[in-house]
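Let me begin by presenting the structure, written as structure tokens, before commenting on it.
Residue numbers start from 1 in every chain, and the chains themselves are labelled A, B, ... in the order their sequence lines are given, proteins ahead of strands.
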Protein chains: 4
Amino acid sequence: MSVLFQIFQNTRAQTVSLCEPLEIEDYIPQPVDFASPPKWHLSHTTWFFEELILKKFLAGYRVFNPHFGFLFNSYYHTLGDRAIRTERGTITRPTVKEVYEYRKYVDAHIGKLLQTNSSSELEELLILGINHEQQHQELLITDLKHTFSYNPVFPVYKEKFNLTAQENSDTGWIKIPEGIYEIGYKGDGFHFDNEKGRHKVFLHEFQISKAFVTNAEFLEFMEAGGYENFRFWLDEGWSWINENQVKSPLYWKQIEGKWFSYTLEGLKPIEPNHILTHISFYEAQAFATWKGLRLPTEFEWEAAEDQLDWGKRWEWTYSAYLPYPGFRIAEGAAGEYNGKFMVSQMVLRGASTATPKGNERKTYRNFFHPKHRWQVTGIRLAR
Amino acid sequence: MSVLFQIFQNTRAQTVSLCEPLEIEDYIPQPVDFASPPKWHLSHTTWFFEELILKKFLAGYRVFNPHFGFLFNSYYHTLGDRAIRTERGTITRPTVKEVYEYRKYVDAHIGKLLQTNSSSELEELLILGINHEQQHQELLITDLKHTFSYNPVFPVYKEKFNLTAQENSDTGWIKIPEGIYEIGYKGDGFHFDNEKGRHKVFLHEFQISKAFVTNAEFLEFMEAGGYENFRFWLDEGWSWINENQVKSPLYWKQIEGKWFSYTLEGLKPIEPNHILTHISFYEAQAFATWKGLRLPTEFEWEAAEDQLDWGKRWEWTYSAYLPYPGFRIAEGAAGEYNGKFMVSQMVLRGASTATPKGNERKTYRNFFHPKHRWQVTGIRLAR
Amino acid sequence: MSVLFQIFQNTRAQTVSLCEPLEIEDYIPQPVDFASPPKWHLSHTTWFFEELILKKFLAGYRVFNPHFGFLFNSYYHTLGDRAIRTERGTITRPTVKEVYEYRKYVDAHIGKLLQTNSSSELEELLILGINHEQQHQELLITDLKHTFSYNPVFPVYKEKFNLTAQENSDTGWIKIPEGIYEIGYKGDGFHFDNEKGRHKVFLHEFQISKAFVTNAEFLEFMEAGGYENFRFWLDEGWSWINENQVKSPLYWKQIEGKWFSYTLEGLKPIEPNHILTHISFYEAQAFATWKGLRLPTEFEWEAAEDQLDWGKRWEWTYSAYLPYPGFRIAEGAAGEYNGKFMVSQMVLRGASTATPKGNERKTYRNFFHPKHRWQVTGIRLAR
Amino acid sequence: MSVLFQIFQNTRAQTVSLCEPLEIEDYIPQPVDFASPPKWHLSHTTWFFEELILKKFLAGYRVFNPHFGFLFNSYYHTLGDRAIRTERGTITRPTVKEVYEYRKYVDAHIGKLLQTNSSSELEELLILGINHEQQHQELLITDLKHTFSYNPVFPVYKEKFNLTAQENSDTGWIKIPEGIYEIGYKGDGFHFDNEKGRHKVFLHEFQISKAFVTNAEFLEFMEAGGYENFRFWLDEGWSWINENQVKSPLYWKQIEGKWFSYTLEGLKPIEPNHILTHISFYEAQAFATWKGLRLPTEFEWEAAEDQLDWGKRWEWTYSAYLPYPGFRIAEGAAGEYNGKFMVSQMVLRGASTATPKGNERKTYRNFFHPKHRWQVTGIRLAR
């Protein structure tokens, strides 16, 4: 267990490290209901260890503060009442300082627990908690970028911290032959319930691009009137761009004819050869249609994955987020993890520059509503 | 072509026949944006023949009224401006009488055209128009039921006209073995673009029910607190029932402890052995979860179809409405037909009691948003 | 009572006469919640006589149809359930024919009742019912105009029927000296509870215009950028024009640089010397501010009334609709008539071209929310 | 000027003093669009002095930060762009520390300016700025209470700080005779444009209560079904309580049958003899109707004011917020101060426990939309 405790500590330290450049003020706001404040991420991940591990395995454990369960639960209906999701930005107390004390308290007790208990059930939950915290590390940083983007002074999170300034390493197409492919997680390592259920899928021959779509290519689409021509758009996407007056990727701003983008290093000019990001599924799909190409399915992606350089962008697929054959919702709170979101969302595959190192997995199924853009999303084309 | 003209005339007459029990007043209202008034269905199907056939193939054709293109276009952005979808219920002129004259005028000109032209392109468009009109026959009757349901006096459309009073003919399970199955339309007959692209799908072994879920079974779910327990529901479904205070299938009303349902024959008691209908995907999915079972995928359904007694309900599948491999949007107005709806909707397979005879097809892919209930939907379980 | 019965019959006939140019279809739609369909006006006014008079005074009276109370009640909470206000446009049954039979049935029974009963209580309620019906005549025609205005074919209600083609008969200013003025209804004639309570108001000296604002003057405001400059607008008005993209009076359309207006005679060019109409309080107030003038209060209007040529437009005043001193809500259903609307509305004084002859009264207090424009409103300035 | 500078300094210190119990986190949230975060109040009042005084009168003045004009302007359209009102809670930078530096910087420059300039124009603007800051002191504390109230842990702002624990000093009725009364500001002291224009109003005889309505009286109304009976309510108020599920004054919570209220000292039991507060105009009016009494007009209040013990609650009047005779909007930014809100709001008279000492004025016209409850409002009845 000592290796696992080391990983636990590293993960916990990494979350704190991400907050190092923050002012106290930055921990608070929640401008939109799909994102959460840093303070909430810090607390919620801690509460997860307290609720699912310490309360269960550590005899005589006293919770740090009985209110915290209520405040920092997310969507786990099973585990009692919880504060309303859209009001996280109103909760100023406990203070940030108290939240850090909460983290230390829970970390210490986990350490204490691991000295005496090494059951495989505990180990599994600890690994789940670590992976859960890593997921929140990614959200913490993308939510923060979103909040900062409202500020007309374009706050700098950190110099030399750029999620979006990557280029392609290769171009051209990979051809994948027709056949039956095995899909889903295989092995003994950690994985989520939604990727379980290794199963066979028949794929027809297809080709998939080695490169991501770049800013230059997307600017071409924009300049060709891509956002003004309904032909390229799904009906729902066409409504979405018109109702929200979407005319460019998220965070882009045109100043005196030139395109800039808000980044965590501040406002920066758009670099043509950088890989495009912060686009919705609707935009990804419209772009593909305009090109006369298409998005891959998640099965195609997984079949081709070992020949791709992935990990820079979450890649929108043209697969809806649905259960694999044999998927079954687990009992208890863990059962609320993924299965209940399996409608109206699209799968993204790969990983992004915001994904914690080591948290990538070729069978990982990320998912968002097709309109969402605040993650580090991108486009890889197929045909 | 004379056989085809006969089918054309029968289809056109069938639409008029469906309206025979209506008063003029009934042709007008549009209480919700997803349904349309009878007058609009009568006009729009006619406009389809005028716009896509007569204007193109009949030399010297003069449109019946130049305003009608504007008024009765639906969502075809390609073909000029159109009245706003949500305002169809405000359009009192042209009158119903004029709309019937419009139908006769167009029918006569189609007849005239077919005397001299028998190109395969014309034939294909005519068949498309006939199928399009049959789709609208089903919508006309389900939309009408929806409008009537708002009226506290429970209007009777027609005695002995009951879309929902059917029973199962068989029970038990069919086992389908693992293997590769061919999916999609095969043959030379009419079919829509979304079912084209015959392709291979690998299916693991599964079982599918011979019977539909009945009212009695669903009442059991309701009495077991099915609508009050979040565990059975997709997160989006749980929000939907709570925001809309859904506590029973659509059109159900509890009067002094007893359940009734609005039907086109007026208010009727719920019969336990009748097949359940007017439920959303969310409700279908929650019911299946409560039963410890699941909904079939559209591929499983198609693989099992020849052993099923289908055609009484549109059966919700746990498949999102997505393109088949090789799907490509057609050029021109026909290209707007189906492809642009391929996001955020679920597939329904089979057909319903409202489906015009002869319009069923084993590869037909119907689709609606998961919340919609006004079609004659039902549940067939799998495991 | 025979004179009163004559008035009753004339009023009832006048409502029917207003509907003479209608097609059955026109009786149905309700595109917005603040307006009602003609069928509803016809039924509701009839229900008023049945509910408040026949059921109370005519021994053995049998209601025409027990559902109608539910369907055609308006906002009288006291009198049982009622259909939802925003769903009036969905009620196709009873048919228009049945509604006319309902009118005849109630009229006949009122005649019968008056042969034997001539109490003053009955007389008062009958006069209330007549005035109530006259109010609905005005709404019927303005609601109809509103519904027709949605139709891109600009339906003609009737040739030579123009609510808006009036000119001023005089110009200049009237000076009213400082002093105490008596405000409110005086006499024995019919009046509503909101104008009761004759009371004294002190007015400082002011001047009021003999003329209404014309289209030419308002076009000047528009051309001077009136709709684009926040300085002229109340904060709430500025939000309203921006959220609703208001750039001209209601029903105005600019076609190739020229202004037209939808009228009950169809689309007509704007005549500069016609009196402006279909403007909100916000627009009236912004225009007055732009002119360096102001709107009169309702007390100033009433003090000056005998020197004004009024009756062509409902004149927005800068008075909120509030109770007169001593106002007390009556017992029973009549008590719901006016008092409960006394917040967030502005008073309009005078009468309009849509007001039935004989229904004008110098103490009449009309009232609408400041955003409403579908009545025949206008502007008279003060200083 | 040295006295004035002393007042300036005291006022500025008082604002800072109100924030003394706050944690940095508390300065940030804006849960509703009608309230603002403490940081914004601190900055906006400072910006007011910088923008209207220092930039104009102090030669060579360099603004502290050119972004601040944009960030901390409120609704002054005249003075350039401004951040969106509903997004104040997203602005984490500048930090609270920087905002306090901004305050010191501006204070120092005001001091410097006053050493050399003593024009009456400057003096007037300085007094306006001081009064403006005092208004924001009241909003700061009521907005803060509102934000804290979202937190399920009921944060304590400060022990022994209770805005709402007051009792009546007297009971009974005062009779005011019929006559002409002078209304509006008289004298040379500071006052707002909306109270200017001393004018005559004729009042009929009336009586006004010496006491405010207490919690006990309001509980009686609640227990008598006051919130369930439409008869007591304005139509708009009835909709408001039903749509928002209002069943008690703001901040009240029923726990095991007993009523509590969130206060700035934490959750406290409702004391029957305390003066009621945090009610909307709708609730005030419904309560008065239930009692068979009414609310006074603002003119009645002003005529009776010298016989009343006022200053504990903002008293809802049944007067709409409208211009006094002769009201004229001032030129420039000051002209945007009050006049543009003169529609759809009701006047409140008196002052509250949150009003800074010395900021009360018998002619002061406070105003809010009838639904608002977060100010320290109360009810005084008339008849």
### Query
Looking only at heavy atoms, which two atoms of D/Phe281 and C/Val343 are closest? And how far apart?
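Taking every non-hydrogen atom into account, CE2-CG2, 3.8 Å.
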
### Query
At their closest point, which heavy atom of D/Met342 faces which heavy atom of C/Tyr318, and how far apart are they?
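What the structure gives for the nearest pair is O-OH, 2.7 Å.
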
### Region of C/Ser319 that comes under 4.5 Å of a non-hydrogen atom in chain D
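The answer is the backbone of C/Ser319.
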
### Message
Report which part of C/Tyr282 has an atom under 4.5 Å of a heavy atom belonging to chain D: side chain, backbone, both, or neither.
### Response
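It is the side chain, since no backbone atom gets that close.
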
Need one label for [X]: side chain, backbone, both or neither, based on atoms under 4.5 Å from any heavy atom in chain C.
X: D/Gln345; result: neither
X: D/His204; result: side chain
X: D/Tyr321; result: neither

### Task
Please check if atom CD in D/Gln245 has more than 12 non-hydrogen atoms from other residues, nucleotides or ligands closer than 6.0 Å.
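Atom CD in D/Gln245 is not packed in, count stays at 12 or less.
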
### Query
When only pairs under 4.5 Å are counted, which of C/Glu178, C/His199, C/Arg383 shares the most heavy-atom pairs with chain D?
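Ranked by heavy-atom pairs under 4.5 Å with chain D, first place is C/His199.
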
Do [X] and [Y] have side chains that get closer than 4.5 Å, going by heavy atoms?
X: C/Phe202; Y: D/Val201; result: no
X: D/Ile180; Y: C/Ile180; result: yes
X: D/Leu322; Y: C/Met346; result: yes
X: D/Arg231; Y: C/Lys340; result: no

### Message
Quick check for you: among D/Pro325, D/Gly292, D/Ala320, D/Pro323, which has the greatest number of heavy-atom pairs under 4.5 Å with chain C?
### Response
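Between D/Pro325, D/Gly292, D/Ala320, D/Pro323, the count favours D/Pro323.
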
